[in-house]
Amino acid sequence: MRSADVLTAVDTGLWQWDHATGLVTLDTVAARLMGLPPRPTTLSETAMRGRVHVEDWIDLHRVAGMAAAENRTAEVRFRVLARKGHLLRTLRARIRSKGDNGDFALSGLIEEVEDTPHEEGRRSGDWRLAREAFLLDAGRALAEARTTGEVLRVAGRLALPGFTPNGLVVFGTEGERLRVLGYHGYPVTTPEDEARVKRLFRLTIGSNYPAAEVIRTGRALYIHSPAEYERRFPEAWQVVRGFGRKSWAYLPLIAGGRTLGAWLAGFPDRVSFTPDERSVLTTVARMLAQALARTHTLESERELSADLQHTMAPLGNPEVPGVQITTRYVPTGGGLQIGGDWYDVIPLPSGRLALVIGDVQGHDVRAAAIMAQLRIALRAYASEGHRPDAVLSRASRFLSGVSTGTDPRFATCLYLEVDPRTGTLDVARAGHPDLAVRLPDGSTALRPTAGGPPLGVIDDWAYPTTRISLQPEEVLLMCTDGLLETGGHDLHTGWIRLRAILESRPVEDLEKLADSVVEAVHGPSSHRLIGPLTDRREDDIALVMLRRPAPVGARALRRTVLTVDQAEPARIAEARHQLAGLLRDWSDPEQVDGAVLMLSEMLTNVLVHTDSDAMVVAELSGPMGERLLRVEVTDTSDELPHRREPGELASSGRGLLLMESLSDAWGVDPRGDGKTTWFELGEPAPAASTPASDAAGGPDGAVESIGLAESLGAAGSLAPPAESAPSRPGTAEAARVVTDLPGEPVRAADLTPPGCGNGSVHSSTAVNGTPTPTPTD
């Protein structure tokens, strides 16, 4: 005998309930026990709910969720109601549920059982207790709805005890027009149905339609019969009569004293609308209005947040040859999901690239507004060509002016300029966490830089500039404190967490690396605007990552590093010889002469106009025919050079004129404890007829250029002749020359300038921007 025959013999039915799809499937016995025709039936969750006592329905929902969570078989009893609302029978269900409390699916057996006297007494009396239980259930469901769509779905599934509607509509207003926000029980399958719906959409608040009258007056309207509907609203009756309803209830949706719309409940049978029934409908309408008002506010906040984020975000990361850039912004999880964190990527007129990251104090609309103003101001200052220290100084004065009043704000900021060709980074910092660099060997280290107070604290502060070098295959990371401190960490422990992620991930794909960094703080996918982990966002986060890929087929770097002591000006000639040797295969001999002349001028000015020693770093990089020469001279004097107009007989004052005439680019970078004067030359493509061996003019050309540089340098800067310079003890090796082929590049700004007045000579090399002294001979 089959199992189905056995169950039929004992009057036991099979049923399934899929809460996700809202469908309940009954076999023949189960359908009969539920008061339906004895045949296999599939009905909606709403129809099933209308046949079960509301208290028992709540218990059934609760038990199904617990059975799914505990992965066990459960048993529950529920009462089946007849159409008139009286008790039909009591059923016992044994169920097995899977899923979770919000999205479960159950299956099991149901059979009829006898009520005990205790249960009969408990279930007797009027329906007020049942309706109170229904209202509690409806209130919970509406309170948990997070969007207008969810509220409308809950409203469409409401099954009022004893008089269940089979048609529900929520109306709203859009200006003077009446608008259908959502509906249930009105199938639109035929052209006639579609025409009726279109007619509803053309209604206005002044139309002779029940919902429009309810919105105008703010009073509920109950229509007991089709005849009453046709008599009171003849035009609307021509539209609604085809739906086959017998009674209608139109109730205003009022929240905060304002009518938001109307709620329609249509019934398949005549309803008398007793005071108890009207009380239930009025209470549901009020809860529905409150839920719609709440979700509308939440959706407006989310839309405002998204618009602000879209408006304040940079237009996009520019495509810069030689570097890869990726950025992230993760809003805070509370309030409007906006804050004061920002980043920006700014192409500069000089061909360099500016990276900015900052954090305005606070996580509110005012912080976001100040952030937007400050970001625009920083972009304007940077686009004008100001150096990093000047950009931050101007931004601090700007913020001091816009954040005055009862709620002053400050902002931390990290601003740096990147030279994509050489990897040179000029960094200015205003109270912001230091940047970090992931090295090619996989290790990660912080790069401490000189800094000043946050922007807006002191409106006239001179921010120092630090120069470091980003080598090929190194990855630069800039972030706000939210990335470090979220999850109960401080800056130190947060950095340890972040370093473990950076050192354990490949760097070839910066997008995946940035996602890994964010996931280490928030978990997977929590940087989206909505999701289950948004409540973990304690602070908003801004993140900028930059990588210098190693160029394909790039030649090894050439470098020369030397120190010239104040007591040995004759070593200037040795520096000129070293630079000429570095440019031995340069394609343009005239540029070699100019480079030697400019170096002589820079060194002579340091020895004549300052009391410090000079450190020289000359670096040649790039493929043959496209190489870049960069020469830097560093001293410990804070006095910057200035242009003069020398007369015809003047013996000095032409140094800056020579730099402007002979170099492709030059500048002076303050360091906080001195300055670095530099120039750059780009190599032109060699002529086809020029032999490679004569590209630099040969040995004679080099000697001639050196002699010219010596004579002009000495005359132009009044450098004392070598034989007249006083000698001091311990200066026999006044300059030590270091020439490397190939290896890590060394820049003057990466090395500590030599001390002054002690007669000692120093030479240094630098690895990844960290100075490392080496002993002299």
Using a 3.5 Å distance criterion without hydrogens, assess whether the side chain of [X] forms a donor-acceptor pair with backbone atoms of [Y].
{"X": "Arg447", "Y": "Leu435", "value": "no"}
{"X": "Ser600", "Y": "Val596", "value": "no"}
{"X": "Ser663", "Y": "Met659", "value": "yes"}
{"X": "Arg379", "Y": "Val345", "value": "yes"}
{"X": "Arg548", "Y": "Leu470", "value": "yes"}
{"X": "Tyr463", "Y": "Pro453", "value": "yes"}
{"X": "Thr466", "Y": "Ala450", "value": "yes"}
{"X": "Gln566", "Y": "Asp613", "value": "no"}
{"X": "His432", "Y": "Cys479", "value": "yes"}
{"X": "Ser396", "Y": "Ser393", "value": "no"}

**Item:** Beyond-backbone contact of Val616 with Leu579, side-chain heavy atoms, under 4.5 angstrom
**Value:** no
**Request:** Please examine the side chains of Ser637 and Asp611, heavy atoms only from C-beta on, and report whether any two atoms are closer than 4.5 Å.
**Result:** no
What closest approach, in Å, do [X] and [Y] show between heavy atoms, and which atom pair accounts for it?
{"X": "Ala595", "Y": "Phe679", "value": "O-CZ, 3.7 Å"}
{"X": "Gly431", "Y": "Thr412", "value": "O-CG2, 3.3 Å"}
{"X": "Pro684", "Y": "Gln591", "value": "CD-OE1, 3.0 Å"}
{"X": "Pro433", "Y": "Leu484", "value": "CB-CD1, 4.4 Å"}
{"X": "Arg497", "Y": "Leu483", "value": "NH2-O, 3.4 Å"}

**Check: Asp359/Thr480 side-chain N/O donor and acceptor closer than 3.5 Å** = no
**Request:** Decide whether Thr449 and Asp434 meet the rule of one side-chain donor and one side-chain acceptor closer than 3.5 Å.
**Result:**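 Yes, a side-chain donor-acceptor pair sits under 3.5 Å.
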Salt bridge between [X] and [Y], side-chain N to carboxylate O under 4.0 Å?
{"X": "Glu384", "Y": "Arg394", "answer": "no"}
{"X": "Glu417", "Y": "Arg387", "answer": "yes"}
{"X": "Arg328", "Y": "Glu511", "answer": "yes"}
{"X": "Asp638", "Y": "Lys675", "answer": "no"}

**Asked** Got more than 12 heavy atoms from elsewhere within 6.0 Å of CD, Glu503?
**Response** yes
**Prompt:** Applying the side chain to side chain contact (heavy atoms under 4.5 Å, CB included) test to Trp678, which of Thr634, Asp669, Val617 qualifies?
**Reply:** Asp669
**Asked** If you round to the nearest 0.5 Å, how far is OG1 of Thr465 from CG of Leu392?
**Response** 8.0 Å
